[in-house]
Trainee: 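For reference, the structure I am asking about is given below.
Computation of the quantities below employed the complete heavy-atom set of this structure, encompassing side-chain atoms and omitting hydrogens, waters and symmetry-equivalent molecules. Positions are given from 1 along the sequence. Numbering of ligands and ligand atoms starts at 1, following listing order.
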Amino acid sequence: MDLLEDLNEPQREAVLHETGPLLVLSGAGSGKTRVITRRIAHLIRKGTEPWRILAMTFTNKAAREMKERVAQLQGEGATERPFVSTFHSASAVFLRRHAEAVGLSKAFVIYDDDDQLRLVKRIANKLGIEANPRDLLSRIDAEKNGGRLPDQMVLNGNDPRAQVVQSVYRDYQRSLRAADAVDFGDLLLLLVDLLTNDAELRVRYQRRYQHVMVDEFQDTNPVQYKLLKLLAPPGSNLAVVGDDDQSIYRWRGAEVDNILGFPRDYEGAKVVKLEQNYRSDQNILEAAYAVISKNRRRLDKKLWSARPKGELLQLLLHRDERAEAQEVARRINGLRNEGITDYANTAVFYRTNAQSRALEEGLRLARVPYTLVSGRSFYDRAEIRDASSYLRLMVNPKSDADLTRVINTPARGIGDTTVEKITEHAGAIGRSLYEVIEWPERVQGLNSGAVKRLLGFRELVERLVKFGKDAATATEAAKFMLEQTRLVSALKEEGTDEAIGRAENLVELISATQEFDKVRAETPPPSPNDELGTPPPPLQQFLEQISLVGEADGEVPEGRVSLMTLHAAKGLEFDAVFMTGMEEELFPSRRATGVEATEEDMAEERRLCYVGFTRARRRLFVSLCQQRMLYGEIKVCRPSRFISEVPQELFEFPHDMPVAPRPMKPRSYGYRADDGPQVDRTYDQSTEFSSDPTGSRVRHSTFGDGTIEKIGGQGPNAKVTVRFDSVGVKSVIARWLTPL
Ligand code: ATP
Ligand code: MG
């Protein structure tokens with residue numbers, strides 16, 4: 001196919017730009033990702049060897065889509081592929097090649113959040129530090145995202161806690177190395193450290209990758225940018241695309257300044273702006289623009305669409321989160337029945353994972369097929385983590401975190417005291433637990449029974465390691481592991497429904513390895529010219545893949561509605577989008593509305609709203625509740641400020657709103673009069689209490705719930721006599737009441 005035909009002029013310019021740095025800085029849906037994939041295909045067609053191209057993005061899902069797109073453009077028969085990957089996976093591949101140089105073996109394992117937290121807890125305990133382990137870990141993460149090892153920390157005299165963090169950080173790094181393990185942050189940090197100090201290696205990488213490209217560049221953090229500068233220093237062919245308005249990972253250290261400062265760091269960079277949005281109807285775009293333009297510090301980029309105005313945005317107001325879920329499901333079916341779109345092209349977004357439970361329930365009841373796009377949930381299940389720990393021990397028995405996790409799973413009579421004793425001994429002699437249990441009789445205070453059981457466990461792990469070395473596929477290794485450890489049979493013997501369910505999940509793990517083996521078998525072998533050499537053995541590769549599965553990586557099987565957090569929605573597009581929970585303190589989140597919040601916190605929430613709106617092609621539903629049960633608490637909700645930032649005429653207020661509020665003013669719902677005037681319209685439309693309101697249940701913000709006994713007059717100022725459940729009969733004004 002002609003790679004340039006369906007591109008507009010500036011897009012073509014960006015694709016044709018071959019040498020020197022390039023920045024494409026443009027609004028949502030303007031074809032930035034399309035530019036990257038076309039540019040890769042174009043370079044290959046012009047003769048660049050595919051393995052000389054490195055393209056990076058943030059989620060596995062985005063990387064996979066990009067890879068597929070490029071393969072399609074390359075056409076059948078192409079045997080070599082460019083290296084398209086996430087920052088983390090690419091770094092893992094590179095780091096493994098030079099593992100020894102940073103004090104690791106090639107079989108190092110990657111610890112995830114949970115492993116990290118347990119390690120920090122242990123260290124804090126050991127050092128007698130009382131600080132919250134979560135806080136300590138996020139401080140360590142922040143250092144890593146900033147590209148700083150313990151000795152490179154900036155110690156500010158005013159912050160005594162920094163020293164505490166430094167000592168924990170130091171110990172933490174030591175423990176990771178001893179376990180032949182790295183965490184996510186290390187993947188980048190250790191690689192950056194290595195390339196900084198080894199000039200020869202650095203030059204080898206720079207020569208190898210003639211073209212480096214980055215999508216969603218606005219979300220790079222300092223350590224990622226450092227890595228880019230090492231791989232593709234100023235003057236080389238680094239092409240980055242992004243949108244400062246879609247920077248939503250500041251809380252993970254992303255620096256929007258990286259994109260704004262790019263032309264300064266990469267002198268002579270060609271800067272291309274794309275102004276035509278191909279994705280969304282105009283009304284959607286206008287609403288998104290109205291919200292984002294309230295941010296003060298931003299580049300005001302033009303964005304226009306040749307698409308029609310399209311439908312108005314629909315504002316949906318519900319009694320509570322259950323009603324919201326029901327109504328969202330009903331609307332989804334409506335879109336489908338009217339032939340507007342299908343399930344697969346519909347998405348429901350939410351600000352926090354905790355909202356998903358109610359939504360799932362509503363969709364399930366309405367028989368709407370859906371998938372929760374949260375890649376981790378499967379791998380975070382306890383039984384899957386146990387199995388993964390055994391698999392990790394198969395390639396690296398020195399991983400103490402994995403060994404302690406499964407030393408008594410399934411139960412084999414090795415108790416906590418025994419584990420404490422061997423851990424203490426291991427610490428004292430500076431060895432891993434695996435080494436210690438080779439001679440458990442040397443550990444003080446263990447009785448002969450414990451010694452015997454430890455030896456039995458050690459033999460099991462030895463068997464696993466031996467088998468793992470030669471396993472030809474990940475499936476073979478996983479099957480052997482399940483059989484030897486008796487993980488499945490122990491659960492089956494337990495026999496409860498729950499245990500059986502967990503046993504089934506373990507069997508599902510085999511489906512995952514089979515899928516992996518299949519893809520691996522179909523992947524062409526690396527080119528003989530490829531300096532990256534042979535990939536690691538299958539089991540190791542499988543483990544690397546699952547430890548890098550991120551939040552946004554869930555596969556959505558065909559024909560299902562996608563449910564996801566707004567953060568996971570980046571880069572995607574759907575015909576119809578539901579923005580749920582558009583309420584103050586939920587979205588924008590409490591973190592951005594609280595007293596300690598900064599203007600930048602709110603700006604980030606607003607960008608997140610912009611990302612959400614701009615995922616929609618044709619229909620955008622903005623949904624909110626009057627009250628919501630979240631984290632076990634019922635709260636009265638106020639409409640999100642983002643709703644009032646959208647010009648009112650862009651909204652349509654459905655007449656068949658399920659809880660058409662009756663004669664009340666917003667105040668009666670707990671809304672402040674100065675908030676969300678747009679929402680008032682919904683109330684004005686409706687009239688009064690139904691003809692005979694006596695007996696109706698209502699809520700009052702001070703007196704609680706009650707039953708109407710009598711009503712005098714009409715309209716919002718009518719006097720209503722209510723028998724409240726807790727305070728007895730009171731006379732109140734109608735507008736202070738909420739119907740239940
Ligand atoms: P985001 O900011 O959300 O990541 P983006 O700038 O990466 O968006 P793309 O996803 O590349 O935008 O493109 C948005 C949509 O517009 C896609 O469906 C894409 O196929 C389509 N598109 C892009 N450029 C053109 C074009 N020149 N002609 C027709 N369709 C286009
Ligand atoms: Mg994109």
Trainee: Could you find the nearest protein heavy atom to atom 28 (N) of ligand 1 and give me its residue, atom name and distance?
Mentor: Tyr278 CE2, 3.4 Å
Trainee: Quick check, are the ring centers of Phe613 and Tyr289 under 6.0 angstrom apart?
Mentor: no
Trainee: Could you tell me how the ring of Phe83 sits relative to the ring of Phe94: parallel (under 30°), tilted (30 to 60°) or perpendicular (over 60°)?
Mentor: perpendicular
Trainee: For a distance under 2.8 Å, give residue and atom name for each protein N, O or S atom next to the Mg ion (ligand 2).
Mentor: Thr33 OG1
Trainee: Hey, looking at atom 5 (P) of ligand 1, which of Gln246, Arg34, Lys32, Gln276 has the closest heavy atom?
Mentor: Lys32
Trainee: With no hydrogens and no angle check, just 3.5 Å: does a side-chain donor-acceptor pair link Gln314 and Arg331?
Mentor: yes
Trainee: Need the ligand 1 atom indices (1-based, order shown) with element for anything under 4.0 Å from a heavy-atom of Arg615.
Mentor: 3 (O)
Trainee: What part of Asp6, side chain, backbone, both or neither, has a heavy atom within less than 4.0 angstrom of ligand 1?
Mentor: backbone
Trainee: Classify the contact between Glu573 and ligand 1 as side chain, backbone, both or neither, using a heavy-atom distance cut-off of under 4.0 Å.
Mentor: side chain
Trainee: To which of Ala306, Ala28, Gly31 does the heavy atom nearest atom 13 (O) of ligand 1 belong?
Mentor: Gly31
Trainee: Starting at SG of Cys609, measure out to CE of Met582 and round the result to the nearest 0.5 Å.
Mentor: 4.5 Å
Trainee: I need the minimum non-hydrogen distance between Leu586 and Gly581, along with the two atoms involved.
Mentor: CD2-O, 3.6 Å
Trainee: Apply the salt bridge (charged side-chain N to carboxylate O under 4.0 Å, His left out) test between Arg628 and each candidate in Glu583, Glu321, Glu584; give the one that qualifies.
Mentor: Glu583
Trainee: Assess Arg336 against Tyr343: is NZ or CZ under 6.0 Å from the centre of the six-membered ring, and within 45 degrees of the ring's axis?
Mentor: yes
Trainee: Fit a plane to each ring of Phe578 and Phe621, take the angle between them on a 0 to 90° scale, and name the class: parallel (under 30°), tilted (30 to 60°) or perpendicular (over 60°).
Mentor: parallel
Trainee: Run the numbers for me: atoms of ligand 1, each under 4.0 Å from some heavy atom of Asn8, listed by number.
Mentor: 27 (N)
Trainee: Any chance you could lay out the ring-ring contact (aromatic ring centres under 6.0 Å, His included) test for Phe58 and His88, step after step, and finish with the verdict?
Mentor: CA-CA 8 Å; Phe58 286 83; His88 282 106; 8.6 Å; no
Trainee: Going by the angle between their ring planes, with limits at 30° and 60°, are Phe542 and Phe516 parallel, tilted or perpendicular?
Mentor: perpendicular
Trainee: Does Asp244 pair with Lys301 as a salt bridge, N-O distance under 4.0 Å?
Mentor: yes
Trainee: Among all the protein's non-hydrogen atoms, which is closest to atom 10 (O) of ligand 1, and how far away is it?
Mentor: Arg279 NH2, 3.1 Å
Trainee: Run the numbers for me: atoms of ligand 1, each under 4.0 Å from some heavy atom of Ser30, listed by number.
Mentor: 5 (P), 6 (O), 12 (O)
Trainee: May I ask you to identify the nearest protein heavy atom to atom 24 (N) of ligand 1, giving residue, atom name and distance to one decimal place in Å?
Mentor: Gln11 NE2, 3.1 Å
